[in-house]
2 protein chains.
Amino acid sequence: MVESTTTIYDVARVAGVSMATVSRVVNGNANVKEKTRQKVLDAIAELDYRPNAVARGLASKRTTTVGVILPTITSTYFAAIARGVDDIASMYKYNMILANSDNDVEKEEKVLETFLSKQVDGIVYMGSTLDEKVRLALKNARTPVVLVGTIDGDKELASVNIDYHLSAYQATTKLVNSGNKKIAYIMGSLKDAENTERMVGYQEALIEAGIEFDEGLVFEGNYSYEQGRALAERLLEKGVTAAVVAQDTTAVGLLSALMEKGINVPEDFEIIAGANSPITQYTYPRMTSVNQPLYDLGAVAMRLLTKLMLKEEVDENQLVLDHEIISRHSTK
Amino acid sequence: MVESTTTIYDVARVAGVSMATVSRVVNGNANVKEKTRQKVLDAIAELDYRPNAVARGLASKRTTTVGVILPTITSTYFAAIARGVDDIASMYKYNMILANSDNDVEKEEKVLETFLSKQVDGIVYMGSTLDEKVRLALKNARTPVVLVGTIDGDKELASVNIDYHLSAYQATTKLVNSGNKKIAYIMGSLKDAENTERMVGYQEALIEAGIEFDEGLVFEGNYSYEQGRALAERLLEKGVTAAVVAQDTTAVGLLSALMEKGINVPEDFEIIAGANSPITQYTYPRMTSVNQPLYDLGAVAMRLLTKLMLKEEVDENQLVLDHEIISRHSTK
DNA sequence: TTGTATGCGTTATCAG
DNA sequence: CTGATAACGCATACAA
């Protein structure tokens with residue numbers, strides 16, 4: 001158990017071959033006689049040799065590591081996506097360096113810098129807002145990047161999303177059809193392309209139903225549970241009877257505050273959550289929700305990234321996955 | 001924008017100094033004249049030079065990266081801990097390679113192997129069960145390891161936990177005091193040291209209250225929401241009127257199934273959740289829960305790991321953080 | 001099929 | 001205070 005790192009040279013010596021040969025068998029190169037391969041394998045086992053990935057990375061310029069940046073891993077939304085990323089990543093033998101950005105531009109820039117210095121082979125970026133500085137940094141990086149749940153207006157960066165415009169239209173229409181006249185929409189910052197798309201979908205649905213658009217019924221959510229709770233009163237005051245809430249935690253907060261006020265959901269108030277993360281099913285009543293294929297968003301993004309990293313042909317780098325609205329018990 | 005990786009040599013040439021000097025200023029070595037330092041800094045800025053962390057890692061044998069292995073990041077429980085780890089890690093300039101193990105021993109071994117080959121400076125391990133093979137691998141690693149929310153019976157590995165025995169005793173006693181005679185305990189596998197500790201605390205509380213221990217009221221949970229739901233009926237059949245549920249998601253499942261059956265919580269059935277992850281507060285009614293300082297568990301673990309990595313003095317490597325029971329509305 | 005030699009981009013030792 | 005120069009552990013082009 002003295003162990004001073006055993007290197008490829010040690011293996012070569014014990015196996016009676018050159019280090020190049022050892023390297024070949026370690027890397028599965030076919031040009032090795034079966035007999036020598038076995039000798040090397042034996043020596044590796046005997047010495048308990050483990051290739052040094054850092055040295056390998058320096059020599060090959062590939063680290064088999066991807067950087068993943070997201071607002072916060074404590075969000076079930078991002079956690080689900082990250083899980084999809086990791087599963088595909090490990091399937092392709094990549095590891096994932098994960099960093100929380102809290103949607104803070106400075107942190108994002110710093111993390112990006114670190115990722116690049118660590119020579120990650122690719123980057124997966126999630127963030128509601130795509131700041132212009134970050135967008136440029138991402139674009140200029142000589143490392144493949146895939147955005148998830150984040151829209152690059154210029155469509156220069158590869159991305160995987162759902163059709164936010166359509167989902168907003170559908171959710172709003174569903175609430176219109178069950179008789180609601182005053183429908184609120186709670187979404188993230190309107191500076192994000194994703195939310196302007198939602199806004200348009202919302203407006204279209206209203207117009208189609210002959211309902212006048214009221215700017216006062218659109219709220220910028222901040223992803224917090226507490227905000228959802230706080231919103232309950234304001235919505236009630238305005239006579240709102242239904243709401244689409246893009247952020248699940250906020251939707252759950254709203255629901256819980258309404259229930260505590262004795263408002264019947266869905267009889268007196270309908271809610272549609274926006275991402276169908278697990279928590280929407282942990283509430284009582286369970287919430288109707290737009291089902292974003294979170295895991296798949298991550299999985300598909302990572303798969304796309306592998307292609308980019310391996311310089312494979314990619315015909316379309318703006319991927320849009322299907323969503324659906326799952327009716328549970330927070331709508332009629 | 002042609003950019004073929006600019007190295008320390010390029011900077012040296014432009015600054016008119018040797019690479020050694022560049023290395024010094026990059027690493028904040030004091031032995032550099034202010035004037036030359038400025039020249040180097042200018043050259044770095046001009047060339048947009050970024051140190052290659054891989055080369056640095058090979059030369060210095062330090063990667064400023066720690067490996068984090070956990071069952072699944074989609075669990076709010078582990079996600080909260082991971083957030084604590086990452087915050088402290090980045091505070092100390094470390095990055096986090098995250099890997100999901102699904103509590104699968106083979107995956108754990110494989111991940112561990114990968115972490116070591118990537119030369120991580122330290123490892124944070126979370127997993128309900130600590131398999132003997134994994135325990136040995138961890139113990140033999142020449143890399144510092146800290147367990148979180150995981151008990152090593154031999155106390156050889158550093159760890160950060162709460163007092164599971166005490167928390168079980170307190171939760172059970174609370175339910176006893178509000179008049180319950182049939183109290184169920186739903187916890188993870190009894191093969192885990194953590195849960196045998198809980199079991200003892202549970203039994204002690206019952207004995208103290210003169211209530212006979214009934215093995216049939218102890219269930220092995222599997223962390224799923226669905227299992228919580230399924231358990232509702234069985235508990236009711238047995239005449240159980242209260243339960244301590246170590247896993248939050250299972251507790252939430254149980255609560256929702258009871259509510260749907262028209263059982264009043266807490267009037268007819270009391271529940272205490274075991275980890276106070278955010279979802280326990282998203283339910284209606286909000287759940288009384290043992291509050292494990294999840295974020296702190298991660299933060300303290302990472303802090304401890306930094307000490308181990310820097311070979312600082314550590315007087316105690318078996319850390320126990322305080323917990324509390326937060327009374328909300330799923331208990332009387 | 002195998003071996004030799006060189007380079008990857010730093011850190012670190014040792015002179016000066 | 002600064003500059004050569006030797007590792008670091010491996011991949012790989014080139015020879016044999």
Side-chain angles (χ1 to χ4, degrees), chain A residues 3-41 43-44 47-65 93 114 116-121 142-143, chain B residues 3-41 43-44 47-65 93 114 116-121 142-143:
Chain A
E3 305 191 38
S4 67
T5 47
T6 108
T7 77
I8 201 169
Y9 285 102
D10 300 319
V11 177
R13 185 166 29 72
V14 171
V17 300
S18 78
M19 52 100 66
T21 298
V22 176
S23 177
R24 288 192 188 92
V25 350
V26 168
N27 292 298
N29 186 315
N31 295 330
V32 180
K33 205 196 303 172
E34 183 51 33
K35 195 173 159 191
T36 43
R37 171 188 305 283
Q38 202 51 56
K39 279 195 303 185
V40 172
L41 255 20
I44 286 177
L47 298 176
D48 191 28
Y49 167 72
R50 175 186 304 124
N52 180 323
V54 174
R56 190 180 268 187
L58 184 59
S60 69
K61 295 181 177 303
R62 294 190 58 243
T63 55
T64 62
T65 300
K93 313 293 185 195
T114 305
L116 295 177
S117 81
K118 293 213 170 175
Q119 316 297 121
V120 295
D121 295 335
R142 307 200 275 111
T143 302
Chain B
E3 303 193 38
S4 66
T5 47
T6 107
T7 77
I8 202 169
Y9 284 104
D10 300 320
V11 177
R13 185 166 29 72
V14 171
V17 300
S18 78
M19 59 163 305
T21 299
V22 176
S23 178
R24 288 192 187 93
V25 350
V26 168
N27 292 297
N29 186 313
N31 295 331
V32 180
K33 206 196 303 173
E34 183 51 33
K35 196 175 161 191
T36 42
R37 171 188 306 283
Q38 202 50 57
K39 279 195 302 184
V40 172
L41 254 21
I44 287 178
L47 297 176
D48 191 27
Y49 166 72
R50 176 185 304 126
N52 180 323
V54 174
R56 188 180 269 188
L58 182 59
S60 69
K61 296 179 177 305
R62 295 190 58 244
T63 56
T64 61
T65 301
K93 313 292 184 194
T114 306
L116 295 177
S117 80
K118 293 213 170 176
Q119 315 297 121
V120 295
D121 295 335
R142 303 191 291 112
T143 301

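Fair warning: this is a prediction, and the values are worked out from it, not measured in the lab. So that the names make sense, note that chain A is the first sequence line, chain B the second, and so on, each numbered from 1.
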Between the protein and nucleotides 6-8 of chain D, list every N/O to N/O distance that falls short of 3.5 Å.
| residue | atom | partner | partner atom | Å |
| --- | --- | --- | --- | --- |
| dC8(D) | O3' | K61(B) | NZ | 3.2 |
| dC8(D) | O2 | A59(B) | N | 3.4 |

Which heavy atom of [X] sits nearest to which heavy atom of [Y], and what is that distance?
X	Y	value
P51(B)	S117(A)	O-CB, 3.4 Å
V54(A)	L58(B)	CG1-N, 3.5 Å
T6(A)	Y49(A)	O-CD1, 3.4 Å

Check whether any side-chain nitrogen or oxygen of [X] sits under 4.0 Å from OP1 or OP2 of [N], and answer yes or no.
X	N	answer
T36(A)	dT2(C)	yes
S23(B)	dT10(C)	no
R56(A)	dA11(D)	yes

Rounded distance (Å) that lies between atom [atom2] of [N] and atom [atom1] of [X]:
X	N	atom1	atom2	answer
K39(B)	dC1(D)	NZ	C1'	12 Å
N29(B)	dC1(D)	CG	P	10 Å
N27(B)	dG9(C)	CG	P	17 Å
K35(A)	dT2(C)	NZ	P	10 Å
D10(A)	dG9(D)	CG	P	9 Å
R13(A)	dC10(D)	CZ	C1'	16 Å

Answer with base, sugar-phosphate or nothing: what part of the nucleic acid does [X] contact at a heavy-atom distance below 4.0 Å?
X	answer
R37(A)	nothing
V22(A)	nothing
V54(B)	nothing
T7(B)	sugar-phosphate

Return the nearest nucleotide to the side chain of [X]; candidates are [options].
X	options	result
I8(A)	dT2(C), dC1(D), dC10(D)	dC10(D)
N31(A)	dA11(D), dG3(C), dT2(C)	dT2(C)
R24(A)	dG3(D), dA11(D), dT2(C)	dT2(C)
S18(B)	dA11(D), dG3(C), dA4(D)	dA4(D)

Inset, instruction - Quickly, which of V26(B), V32(B), V25(B) forms a side-chain contact (heavy atoms from CB on, under 4.5 Å) with V40(B)? Name it, please. - result: V25(B)
Inset, instruction - Apply the side-chain contact (heavy atoms from CB on, under 4.5 Å) test between R56(B) and each candidate in I8(B), T64(B), N27(B); give the one that qualifies. - result: N27(B)
Inset, instruction - Mind checking the CG-OG1 spacing from L47(A) to T7(A)? Nearest 0.5 Å is all I need. - result: 9.5 Å
Inset, instruction - Examine the side chains of K118(B) and T65(A) and answer whether a donor and an acceptor come within less than 3.5 Å of each other. - result: yes
